[in-house]
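Below you'll find the structure, written out as structure tokens, and then a few comments.
Each chain gets a letter, A, B and so on, in the order its sequence line appears, and its residues count up from 1. Quick caveat, the model's predicted, so the values are computed rather than measured.
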2 protein chains.
Amino acid sequence: MVNGSTRIRILDTALDLFGTRGVGTVSLDDIADAVGVRKQTVLYWFKSRSGLIDAVLDHAADELLVVVEAAIRSQGDEPLDRVDAVVCAVFRPVVRRPALLGLIREVTRLDESHINHLRGRLSVVVERCVSYLRSEMEKGRLRTCDPMVLAGLLYSTVSGTGTEPIVLETFGWEPNAAGLRQVRRELRGFVRAALQPN
Amino acid sequence: MVNGSTRIRILDTALDLFGTRGVGTVSLDDIADAVGVRKQTVLYWFKSRSGLIDAVLDHAADELLVVVEAAIRSQGDEPLDRVDAVVCAVFRPVVRRPALLGLIREVTRLDESHINHLRGRLSVVVERCVSYLRSEMEKGRLRTCDPMVLAGLLYSTVSGTGTEPIVLETFGWEPNAAGLRQVRRELRGFVRAALQPN
DNA sequence: AGATTTGTCTACCAAATGGTAGAGACGTGA
DNA sequence: TCACGTCTCTACCATTTGGTAGACAAATCT
């Protein structure tokens, strides 16, 4: 693999298209056109469409894991601050790379093999989050509930907020920098209130 | 339109397929096969694929609006109970008709004309929810924040929980009746905590 | 220099897609 | 009985899809 640049460009472009328009509705030709190359070049770097999808999922998982791992390791003992840091970390791609969470959300539409592929990549960080929430609950520093489902709820809230600007617009929201800052502020307040120990 | 039954069956089936597999990845042949009819019969009842999509969106909006309107009008003065009723109402289709919220969520992937079509149908109930939240905040009976964004956050949380069983499974959740009840319980507690006045 | 590997291309192909044209079965009213 | 509207069908069609085969140029190795 002497020349990685074309490969990387295909990967990046595919992530954007898959994440914004949905995996199933993006053709190899669409990706090739966006990269400025022929479809056969895409099939040279990835042996099939399915192979490309897995590679793009890996690419997305890499990007997400780096961000989340850093936030998890962040300073501060207070759990609400720590969760807050992770929320902000996951929300950052919403601004910088909107397709990223959109692609992760696509998992529901994929077939078993791709689902398992992505699950394998994310399971480590997921388990770490759940066990952290559980331990803080046991210490009475977070509202007591099922940590597993809570983690899912948190994910849904953050991911939904980030991936459904259209829905937010229906609620009257305006999609610009100020609007995004406002959403992030409300999101943090929402999560903080939901986790406050009782 | 003497015989409406074929039309309705197409509508129902299309809603299920669109909602579970995504609008873009379901062909007219897929729908026809599932109904037990030929593609041309589908095109007889709906003049084009795009027309079918709009009709299905209407069908979904009808179903959702009935449920939500009833819950909004529900008894009780305490706002936390009222929001709780709406959450339960929106969550009910998750069990009875999983495709419904999945289809609404698909709006992000549709093109402008379909988006506006659906928005037009949902805007009334959306505005009612937002102004209700605002008035209760002004009375100090809900945590004070931006009611518009809060409505979006609530939607994201409920919809995400209902439409992403795959993600919940990654968090260790088991998709059965008991699991669904547990998710609903946690969801209600989560929302209640997030709205508690400070 | 000559041989080989690497990367992109053109030329195809079979299958699936949304859509058109129109035949035929069926019932209903005159 | 006959004409007419309703409903589903078969037969096509142009376009797009994922994928194969192989030509060709540039770089790399011997």
remark   = Once base and sugar-phosphate atoms are separated, protein heavy atoms under 4.0 Å mark nucleotides 22-27 of chain C, 5' to 3', with B, S and - as ------
Give every donor-acceptor pair under 3.5 Å between a side-chain atom in residues 56-66 of chain A and any protein atom, sequence neighbours left out.
residue	atom	partner	partner atom	Å
D58(A)	OD1	H117(A)	NE2	3.1
D58(A)	OD1	R121(A)	NH1	3.0
D58(A)	OD2	H117(A)	NE2	3.1
H59(A)	NE2	D12(A)	OD1	3.0
D62(A)	OD1	R121(A)	NH1	3.3
D62(A)	OD1	R121(A)	NH2	2.6
E63(A)	OE1	R97(A)	NE	3.1
E63(A)	OE2	R97(A)	NE	2.9

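Annotation: the span from S156(A) atom OG to L153(B) atom CG amounts to 12.0 Å, rounded to 0.5 Å. Atom CZ of R49(B) and atom CD1 of I53(B) lie 4.5 Å apart (nearest 0.5 Å). Going from atom CG of L142(A) over to atom CZ of R134(A) covers 12.5 Å, rounded to the nearest 0.5 Å. Remark: L195(B) CG to R82(B) CZ distance equals 14.5 Å, nearest 0.5 Å.
Distances from the side chain of L43(B) to the nucleotides dC7(D), dT20(C), dC9(C) place dT20(C) closest.
For DNA chain C, none of the residues of residues 20-35 of chain A falls under the heavy-atom distance limit of 4.0 Å. A heavy atom lying under 4.0 Å from DNA chain D marks the following residues of residues 46-58 of chain A, by number: S48(A), R49(A).
The side chain of Y44(A) places no N or O atom within less than 4.0 Å of a non-bridging phosphate oxygen (OP1 or OP2) of dT8(C). OP1 or OP2 of dG7(C) has not a single side-chain nitrogen or oxygen of T6(A) nearer than 4.0 Å. OP1 or OP2 of dT8(D) sits under 4.0 Å from a side-chain N or O of W45(B).
Summarising the geometry, the separation between CZ on R38(A) and C1' on dA11(C) is reported as 13 Å, rounded to the nearest angstrom. Distance, K39(B) NZ to dA11(D) C1': 12 Å, rounded to whole Å.
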task = Go through E106(A) and H114(A) one step at a time and tell me if the side chain to side chain contact (heavy atoms under 4.5 Å, CB included) criterion holds.
result = CA-CA 11 Å; E106(A) 271 289 294; H114(A) 295 126; over 6 Å; no
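Partners of S123(B) by side chain to side chain donor-acceptor pair (under 3.5 Å), not counting sequence neighbours: none found. Among residues two or more places apart in sequence or in another chain, the side-chain contact (heavy atoms from CB on, under 4.5 Å) test is passed with E78(B) by L80(B), D81(B).
Using cut-offs of 30° and 60° on the angle between ring planes, the pair Y155(A) and F171(B) is tilted.
No hydrogens or angles considered: nothing links the side chains of D16(A) and T13(A) as a donor-acceptor pair under 3.5 Å.
More than 12 heavy atoms of other residues, nucleotides or ligands sit less than 6.0 Å from atom CD of Q196(B).
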